[in-house]
Amino acid sequence: RAYLDLMVNLISRGEEIGEDDPQKLLNDLPTGRVATFSTQQTNTVNVLLVMPSGLQRKLVARELLSCGFRVMRAYDGVEALAVAMDIAPDFVFVNQDMTPFSGRELSNVFAGVDKLRDTKIVLLTSYEAGNKELQNLPANVSVVQKHKNFTEDIGRLLIEWGVFGDIAD
């Protein structure tokens, strides 16, 4: 309902929105997070998930949502680039095996766009670490293999990036 109210308000005003306004509008929308008794401060973290539709995408999206992140979805690299230019995500989860181009190729495209160059990217793959498809990646790309420790690997990476703030051992 909040989204619809916001859109009706924007259309009624008849004004063009500025370059930074889509990000602000997105952050002002409710997330559906459940209030807790915790005094822990939360950050707004926008994540772009680039995967074809299916069970795997649903599972990854659910994990990211459970962390309190705002998750936008794109079905392929072309859609992902358009969405990323609009919302400037904090980080991107991208599947390696996609069409019309791979996750590796999308990572290189992001590296070539000034606005997206510093966006952290998680490349999700079933390939082993030494595979040629995973070589010569931009510096902002981290590879996570889809295996039994998948969730723990992503958690470790997000902690390393400081997404959850300072976490004492």
Counting N and O atoms only, with roles assigned by atom type, does the side chain of [X] sit under 3.5 Å from a partner on the main chain of [Y], one being a donor and the other an acceptor?
X: Asn140; Y: Thr119; answer: yes
X: Ser107; Y: Gly103; answer: yes
X: Thr125; Y: Tyr127; answer: yes
X: Lys115; Y: Met85; answer: yes
X: Asp76; Y: Glu79; answer: yes

Please confirm whether Arg57 makes a cation-pi placement over Tyr75, using NZ or CZ under 6.0 Å from the six-membered ring centre and within 45° of the ring normal.
yes
Would you say that [X] contacts [Y] through its side chain, given a criterion of any heavy-atom pair below 4.5 Å between the two side chains?
X: Pro138; Y: Asn108; value: yes
X: Pro52; Y: Met98; value: yes
X: Phe150; Y: Val60; value: yes
X: Val92; Y: Val50; value: yes
X: Phe69; Y: Val163; value: yes
X: Arg70; Y: Leu64; value: no
X: Ile121; Y: Val94; value: yes
X: Trp161; Y: Lys120; value: yes

List the atom of [X], the atom of [Y], and the distance in Å for their closest heavy-atom pair.
X: Leu106; Y: Gly77; answer: CD1-O, 3.8 Å
X: Asn46; Y: Met72; answer: CB-CE, 3.7 Å
X: Ala84; Y: Leu116; answer: O-CD2, 3.7 Å
X: Phe110; Y: Ala80; answer: CZ-O, 4.4 Å

Linked, directly or transitively: Val71 and Leu59 (ILVMFWY side chains, under 4.5 Å)
no
Within a reach of under 6.0 Å around CD of Glu128, are more than 12 heavy atoms found that belong to other residues, nucleotides or ligands?
no
Look up atom [atom1] in [X] and atom [atom2] in [Y], then write down how far apart they are to the nearest 0.5 Å.
X: Asn149; Y: Ile154; atom1: CG; atom2: CD1; result: 11.5 Å
X: Asp97; Y: Ser126; atom1: CG; atom2: OG; result: 7.0 Å
X: Leu49; Y: Phe91; atom1: CG; atom2: CZ; result: 10.5 Å
X: Glu63; Y: Lys58; atom1: CD; atom2: NZ; result: 15.5 Å
X: Ser142; Y: Glu160; atom1: OG; atom2: CD; result: 6.5 Å

From Glu133, Glu105, Arg104, residue fulfilling side-chain hydrogen bond (donor to acceptor under 3.5 Å, both in side chains) relative to Gln96
Glu133
